[in-house]
Visitor: 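Please see the structure below; I have some questions.
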Amino acid sequence: MRSAIRSQYLFLMFMFMVNCSVAQQTVTLSSLLSELVDRRSVAQLSEPAYVLKQVSSYDRHAVSPHEAGWFANDDRSQFLGEEMIKGRKEYILMDEEGPGVIVRFWETTFKRPGVFRIYFDNEADPRIVIPGYDLMKFPYPLGKALLIPHSSYEPLEKGGSTLYLPLPYAKHCKVTWEDADDPIKEPRYYQLNFRKYEKGTVVETFSEDSFQANKELIHRVNDELLHPSPAGSGKQLIKQGKISAGGALALSLPKGSAAVQAIVLQLKDKRHYTDSLLRQLYVKATFDGEETIYCPVSDFFGSGAGNHAIASWYRNVIPGGNFSCYWIMPYRRRASISLVNKSGGSIAASLQVQLDTWKWDHRSLYFHADWRSEREVRIAQSEADHPIEWDLNVIQGKGVFVGETMAVNNHMHKWYGEGDQKLWVDKETFPSEYGTGLEDYYNTSWAPVVLYQTPFANAPRADNADSFGQNTFTRTRNLDAVPFQTHFRFSVEMLGWENGTADVSATTYWYGSKGAKTVPRGH
């Protein structure tokens, strides 16, 4: 009898240890790279859980929205402090307790000389040394999806780059800059986004050995990000025809748990490609009785106003009326996707939806795309001109923010995007992300900007070199997605190079639990 009880006890202890090992799944360079190209990962609550933070060179006069300096704009060469290390003066960009992982490192400058160093786990020596204020000199070979030169990049002087190779750490991470000149004379701009995991999460720290062991996976991930494969071989539903004025083309999806893995739209007549008409044709989606998407076609797919090329991880637009997106959209029981024609004439269109299997559980989330637009938004030149913060979205409930498209019709012949982005999570008193300028947030630098396409950030439209007229930026997130428990707000300072106005439209992409919703303006 005692032997049987002991055997049962040992079996239960074994199962407990197995379950604990599953729950305590180790975060590694390999697991993060796999997650980077897993579109399903952002459609559910992350395990292990994390919060997303950012450190940047924002102007330190910004302390509180209730105090002077909140719109201060000297966003360069602002560091956390300085430290003497082995006789060197090193300026500190980031100094964070682990476990965590750097998921995005953006920088730009005018002059290169100096040294970046990245220290892990309180080690005396850095594991990563970069000779110059230039991530393009990262010591390990990477492709152009994981290490992206900005559109203004010049190897010897001006410009910057963005690193998307995840850099995990178990206990601690410190990033420093040793300048060739002392005191610093050149402007140094930076943003580092990082995940902060719950205490006890097991993370394997980045090393040369881990990089070498994952070289083949790194190559595959880079190639997949640059050349995204279409959605898999799930069930396809197609509906096509002419949509009368005020009418809709609707697809009811099969009942039961499933997930949309692709939406493909084709417009049959080139007369339909205009800015105005594409903003009168809406994508509408209802999942389990809640409308979660109601957005103009061109903005939903990332073009802003009009039919402009997008080549990115989540969306692909080919001028000529071909729109595709690959957001994963789970539902539990029922769903429908429609095209709604709010124009005064008929529109010939084809709507294709591709489904995949999905096991709905407590982690599953609904996909949302919200659009807001405002004419004659005031742009201010400085804090003395009383600028405003323009909200792209305010969300109430639990979810994950995964990106946006910002389309601006600029009425000035001067740059309008000098202001910083601010992402507020769960009604915190200071933003989780406080940026250094609109173009910096969209993975480029030095305005005005030119057209560019990268996996997670794009500028599909820029009508004029001085930024007058229509401009569109879009950025999407995967490893740098932003979880929130009760509340989320995304605002941008409306600062430019002169006083003026612009028409501003924003589409925000996010996932939410049942009942999560955008807060109506004015509330």
Side-chain angles (χ1 to χ4, degrees), residues 106 144-145 148-153 162 164 225-228 230 262-267 270 272-283 293 295-327 369-373 392 402-410 415-417 421 437-478 490 492 502-509:
W106 171 97
K144 287 190 176 181
I148 306 164
H150 299 164
S151 56
S152 60
Y153 178 79
T162 307
Y164 269 104
L225 289 173
L226 290 177
H227 309 98
I263 299 176
V264 179
L265 167 64
Q266 291 183 313
L267 301 181
K270 64 181 180 181
H272 299 156
Y273 309 156
T274 65
D275 296 359
S276 60
L277 190 139
L278 284 171
R279 278 193 164 154
Q280 295 177 73
L281 182 62
Y282 278 60
V283 178
I293 302 172
C295 181
V297 161
S298 54
D299 294 87
F300 176 77
F301 288 96
S303 283
N307 180 205
H308 299 274
I310 291 281
S312 72
W313 176 241
Y314 286 110
R315 291 140 320 147
N316 186 58
V317 177
I318 302 172
N322 295 278
F323 304 84
S324 303
C325 76
Y326 307 111
W327 298 108
D370 295 317
W371 185 70
R372 67 160 297 199
S373 185
L392 283 75
V402 291
E404 77 294 319
T405 296
M406 187 169 181
V408 176
N409 182 17
N410 183 19
W415 173 240
Y416 58 87
Q421 94 280 358
L438 196 66
E439 73 274 36
D440 308 345
Y441 174 80
Y442 288 106
N443 282 354
T444 187
S445 50
W446 306 108
V449 301
V450 298
L451 303 183
Y452 60 90
Q453 304 282 356
T454 70
F456 294 113
N458 314 70
R461 184 167 184 177
D463 285 359
N464 294 283
D466 63 1
S467 79
F468 176 76
Q470 295 284 354
N471 299 256
T472 302
F473 290 101
T474 186
R475 176 176 162 189
T476 57
R477 296 170 176 246
N478 198 326
F490 183 178
V492 171
D503 305 330
V504 185
S505 301
T507 303
T508 46
Y509 312 106

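Throughout, numbering of the chain's residues begins at 1 and tracks the sequence.
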Visitor: Testing the basics here: between Ser152 and Ser445, what is the closest heavy-atom pair and its distance to 0.1 Å?
Guide: OG-O, 2.9 Å
Visitor: Testing the basics here: between Gly302 and Pro460, what is the closest heavy-atom pair and its distance to 0.1 Å?
Guide: O-CG, 3.5 Å
Visitor: Picking from Thr508, Thr474, Asp299, Thr507, what satisfies side chain to side chain donor-acceptor pair (under 3.5 Å) with Thr405?
Guide: Thr474
Visitor: Excluding sequence neighbours, so at least two apart, what forms salt bridge (charged side-chain N to carboxylate O under 4.0 Å, His left out) with Asp440?
Guide: none
Visitor: Restricting to pairs with a member in residues 455-465, which pass side-chain hydrogen bond (donor to acceptor under 3.5 Å, both in side chains), not counting sequence neighbours?
Guide: Asp275-Arg461, His308-Arg461, Gln453-Asn458, Arg461-Asp463
Visitor: Which residues pass the salt bridge (charged side-chain N to carboxylate O under 4.0 Å, His left out) test with Asp503, not counting sequence neighbours?
Guide: Arg375
Visitor: Roughly how far apart are Tyr326 OH and Ile263 CD1, rounded to 0.5 Å?
Guide: 11.5 Å
Visitor: Residues in ring pair (Phe, Tyr, Trp, His ring centres under 6.0 Å) with Trp446, at least two apart?
Guide: Phe110, Tyr189
Visitor: Distance only, no hydrogens: is a donor on one side chain within 3.5 Å (strictly under) of an acceptor on the other, for Ser303 and Ser298?
Guide: no
Visitor: Not counting sequence neighbours, which residues clear ring pair (Phe, Tyr, Trp, His ring centres under 6.0 Å) with Phe468? List them please.
Guide: His413
Visitor: Among pairs that include at least one residue of residues 465-475, which meet salt bridge (charged side-chain N to carboxylate O under 4.0 Å, His left out), considering only residues two or more places apart or in two chains?
Guide: Arg475-Asp480
Visitor: To the nearest 0.5 Å, how far apart are CG in Leu438 and OG in Ser467?
Guide: 10.5 Å
Visitor: Take Tyr416 and Val504 through the side-chain contact (heavy atoms from CB on, under 4.5 Å) test and state the conclusion after the steps.
Guide: CA-CA 11 Å; Tyr416 58 87; Val504 185; over 6 Å; no
Visitor: With sequence neighbours excluded, give me every salt bridge (charged side-chain N to carboxylate O under 4.0 Å, His left out) pair touching residues 305-325.
Guide: none
Visitor: For Gly417 versus Trp415, what's the shortest heavy-atom pair and its separation?
Guide: C-NE1, 3.2 Å
Visitor: Hey, which of Tyr164, Trp106, Tyr442 is the one that makes ring pair (Phe, Tyr, Trp, His ring centres under 6.0 Å) with Phe456?
Guide: Tyr164
Visitor: Taking salt bridge (charged side-chain N to carboxylate O under 4.0 Å, His left out) as the cut-off, I'd like each qualifying pair that reaches into residues 301-313, sequence neighbours left out, listed once.
Guide: none
Visitor: For a side-chain contact (heavy atoms from CB on, under 4.5 Å) check, start with the C-alpha distance between Trp371 and Tyr282, then their side-chain angles and the critical distance, and finish with the verdict.
Guide: CA-CA 10 Å; Trp371 185 70; Tyr282 278 60; 3.6 Å; yes
Visitor: To the closest 0.5 Å, what do you measure between CG (Leu225) and CD1 (Ile148)?
Guide: 8.5 Å
Visitor: How long is the straight-line distance from CZ of Arg279 back to OG of Ser373, given to the nearest 0.5 Å?
Guide: 5.5 Å
Visitor: Could you give the distance from CZ (Phe490) to CG (Leu392), rounded to the nearest 0.5 Å?
Guide: 5.0 Å
Visitor: Considering the options Thr162, Asn443, Thr444, Thr454, which one meets the side chain to side chain donor-acceptor pair (under 3.5 Å) requirement together with His150?
Guide: Thr162
Visitor: Under the ring pair (Phe, Tyr, Trp, His ring centres under 6.0 Å) rule, collect the residues that match up with Tyr273, sequence neighbours excluded.
Guide: none
Visitor: If the condition is ring pair (Phe, Tyr, Trp, His ring centres under 6.0 Å), which residues does Phe300 pass it with, not counting sequence neighbours?
Guide: none
Visitor: Within the 4.5 Å heavy-atom criterion, are Leu278 and Leu267 side-chain neighbours or not?
Guide: yes
Visitor: List in chain and number order the residues that pass side-chain contact (heavy atoms from CB on, under 4.5 Å) with Ala459, two or more places apart in sequence or in another chain; answer none if no residue qualifies.
Guide: Tyr452, Phe473
Visitor: Residues two or more places apart in sequence or in another chain: which of them pass side-chain contact (heavy atoms from CB on, under 4.5 Å) with Ile318?
Guide: Asn316, Asn322
Visitor: Would a 4.5 Å heavy-atom cut-off, applied to side chains only, mark Phe323 and Asn307 as touching?
Guide: yes
Visitor: What distance do Leu281 atom CG and Cys295 atom SG have between them, rounded to the nearest 0.5 Å?
Guide: 11.0 Å
